[in-house]
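In the text below, chain A, chain B and the rest are named by the order of the sequence lines, each starting its count at 1.
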Amino acid sequence: MWLSRSVRVSLLPSIAKFPPFLPMHNSLFCSHSHSQTSLHDDAVSQFNRLLHQRHVPSIFEFGKILGFLVRMKQYSTSISLIKQMELKGILCDLANLNLLMNCFCHLHKLAFAFSVFAKILKRGYHPNAITLNTVMRGLCDNGEVKEALNFHDKVVAKGFRLNQFTYGILINGLSKIGETEAAIELLRTIQSPSTVMYSIIIDSLLKEKQPKEAYGLYSEMVIKGIFPNVVTYSTLIYGFCLVGQVEVAFGFLNEMLSNNIRPNVYTYTILIDSLCKERKLGEAKNVLGVMVKVYVKPNVVSFNALMDGYYLVNKVKNAKQVFSAMTHMRVSPDVRTYTIMINGLIRNKRMDEVINLFQEMHDRNMVQDTVTYNTLVDGLCKTGRISHAWDLFHEMCGRNQQADVITYNSLIDGLCKNQHLDKAIELLRKMRENGIQPDMYTVNILINGMCRGDKLKNAQEIFQDLLNKGHNPDIPTYNVMISGLCKEGLLDEALTLWSKMEDSGCLSNVITFEIIISALFKHGQTEKAEKFFHEMISRDLLK
DNA sequence: ATAGGGTTAG
């Protein structure tokens, strides 16, 4: 079923090349409608007009406006409008109450949602499938998938009718908490499973790096005559790129095209992102050009992916061009756009520009989130500006952006590398106090810090502790430990550990080999070094 | 009911 590589390759360059950032294309994307804010305000004032009419309008009129607001994700507004309705003595119907419950669920106010459910029962309304599905989705979104399943069993026992959506919600809930097996089991109990159900599970399998199983389900749905749609194909393209099988992914792209399923902004953005991660910036830029040409409007995600790609290959100028191009095309940068810019500029040691951008976010009333702060904190640590990083750490806490394991890891690493091992240990303790569990990065940073600080014994203790607790060290853990042993000239011990690593099924990467080879050379063991070098080549680890 | 972008260790 796969089309040849030549088909795949010809697909993109066959489209006429043109500079994707010319202003002539801007007119395609100019917005002629009201902004979202004014639409929201219009809806609210129309609602108020209805509310104050002399003759009470039908409940259906209110419902239309409320439905619109929910589609615009204005949950808080919808809730307050419904409250005003009830205060005026206009009784909500079942649809309004379902909608109200839905709004509370989206705002993660599950207790309020349940009180609405109680109200539905108290008023003698008969909950319909939408009511029950909303309850289950609320539970699932809150991570309470088991409770959703119990709820399902209970209402089924009471004779309520459910629908396809119910099982989509439950399958999605199970998949998103990593219970893909259970999701598949549930799928097996459904007489006529849908495209959506298959798509959800295929997505989970690919994210868990189980491409064979995902492919199996895809074949199964095709055989059963359940047609993959644009989401299914986009999921497959994304997932197969994720597991490194780019050829297969492009096979799916060709297949969707030959099935006359048109790629949408998601599909194109996935392609841009995947090509960028493969460092094929020329092709990625062409995809953006194709999008423009076929009138699929790139959005902020498309531009962010491309920008990040340019920074990945250190093309600062091109990245900045993307930044201004998106503005010209009236696509507003978001927090991630700025974070990508900040991250890229840090990697290119342009700290003054970074500080300016951070200030610009402030000026634009953008809320810097944990990731933005993490990026900057790490950048400051890496350039030795520990005290500035420390200030930002406090600033983020003060602004209610929770420091997470990554924040602490960056700071601990910075402290270790600037001769403050004691302060690093102190911060580790503080991190635990704040309820944040150290992860593999923390362990590796500490082992590395100990080795650098001539505390090989402590590093080995941490490593042994990891083994004692039944954790498997990962490649970077072995790498830092091997590197520490090499640094002390303990080459035999390093090579023993390397053997253990390989025996445990943890296969070396290019960095492992670099550490070992350079240590062997340094100690005049040229022959051994060459042996490792050839091993590395035969494993195809050199790009 | 389903798909896409940003941060940490070697």
Side-chain angles (χ1 to χ4, degrees), chain A residues 133 136-137 140-141 163-173 175-176 194-204 206-207 228-239 241-242 263-274 276-277 298-309 311 334-344 346 369-379 381-382 404-414 416-417 439-449 451 474-484 508-512 514-515:
Chain A
N133 288 344
M136 284 181 265
R137 196 169 46 74
C140 285
D141 288 350
N163 58 20
Q164 286 276 87
F165 280 71
T166 316
Y167 295 97
I169 291 164
L170 295 174
I171 286 174
N172 189 43
S175 296
K176 294 293 182 292
S194 65
T195 299
V196 174
M197 295 172 192
Y198 274 99
S199 303
I200 293 167
I201 296 178
I202 288 172
D203 181 52
S204 287
L206 287 167
K207 284 178 179 153
N229 61 18
V230 62
V231 179
T232 321
Y233 280 114
S234 301
T235 301
L236 286 163
I237 294 168
Y238 175 76
C241 285
L242 198 68
N264 62 16
V265 61
Y266 278 82
T267 326
Y268 284 114
T269 302
I270 288 165
L271 290 172
I272 291 174
D273 185 49
S274 303
C276 282
K277 299 223 154 85
N299 61 19
V300 62
V301 184
S302 325
F303 288 109
N304 285 351
L306 187 62
M307 231 175 62
D308 197 45
Y311 277 122
D334 63 8
V335 178
R336 290 185 186 212
T337 315
Y338 276 93
T339 305
I340 291 165
M341 288 282 286
I342 289 173
N343 187 41
I346 285 175
D369 63 12
T370 298
V371 180
T372 319
Y373 276 105
N374 285 351
T375 306
L376 195 47
V377 164
D378 189 65
C381 283
K382 287 215 172 32
D404 63 9
V405 62
I406 296 179
T407 327
Y408 283 100
N409 286 345
S410 290
L411 283 166
I412 291 173
D413 189 48
C416 284
K417 288 183 177 152
D439 63 3
M440 285 309 287
Y441 278 81
T442 324
V443 170
N444 299 340
I445 287 165
L446 285 170
I447 291 178
N448 197 33
C451 290
D474 58 8
I475 303 176
T477 316
Y478 280 110
N479 286 353
V480 287
M481 203 61 245
I482 290 172
S483 145
S508 313
N509 63 11
V510 65
I511 293 169
T512 323
E514 275 170 17
I515 292 166

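Residue-level contact check: N299(A) touches the bases, meaning some heavy atom is under 4.0 Å from a base atom. Within 4.0 Å (heavy atoms only), S194(A) reaches at least one base atom of the nucleic acid. Using a 4.0 Å heavy-atom criterion, one finds that T235(A) contacts the sugar-phosphate atoms exclusively. Residue-level contact check: T372(A) touches the bases, meaning some heavy atom is under 4.0 Å from a base atom. Looking at heavy-atom distances under 4.0 Å, V231(A) makes contact with a base. Counting any heavy atom pair closer than 4.0 Å across all strands shown, Y238(A) reaches sugar-phosphate atoms only and no base atom. Nucleic acid contact for V335(A): base, since at least one base atom lies under 4.0 Å from a heavy atom of the residue. Contacts of Q164(A) with the nucleic acid, taken as non-hydrogen atoms under 4.0 Å apart, include base atoms. No contact: N133(A) has no heavy atom under 4.0 Å from any strand. Residue contacts shown for V265(A) include a base, since a base heavy atom lies under 4.0 Å away.
Applying the 4.0 Å criterion to OP1 and OP2 of dG10(B), one finds that N448(A) has a side-chain N or O inside that range. For K382(A) and dA9(B), the shortest distance from a side-chain N or O to OP1 or OP2 is below 4.0 Å.
Across the protein-nucleic acid pair, D413(A) atom CG and dT7(B) atom P stand 16 Å apart, rounded to whole Å.
Minimum atom distance to the side chain of K176(A) is reached by dA3(B), of the listed dG10(B), dT8(B), dA3(B). Comparing dA9(B), dT7(B), dG4(B) against the side chain of I445(A) picks out dA9(B) as the nearest. Which of dT2(B), dA9(B), dG6(B) sits closest to the side chain of S199(A) comes down to dT2(B). When each of dG4(B), dA3(B), dA1(B) is scored by its nearest atom to the side-chain atoms of S302(A), the top-ranked nucleotide is dG4(B). In this structure, of dA1(B), dG4(B), dG10(B), it is dA1(B) that holds the atom nearest to the side chain of I200(A). Closest to the side chain of K417(A), from the set dA1(B), dA9(B), dG4(B), is dA9(B).
Looking at S199(A) and T235(A), their side chains never bring a donor and an acceptor atom within 3.5 Å of each other.
Considering only heavy atoms from C-beta on, N509(A) comes within 4.5 Å of N479(A) through its side chain.
Heavy atoms only, all atoms of each residue included: N409(A) and I445(A) are closest at O-CD1, 3.4 Å.
In this structure, the separation between CG on N172(A) and CZ on R137(A) is 10.0 Å, given to the nearest 0.5 Å.
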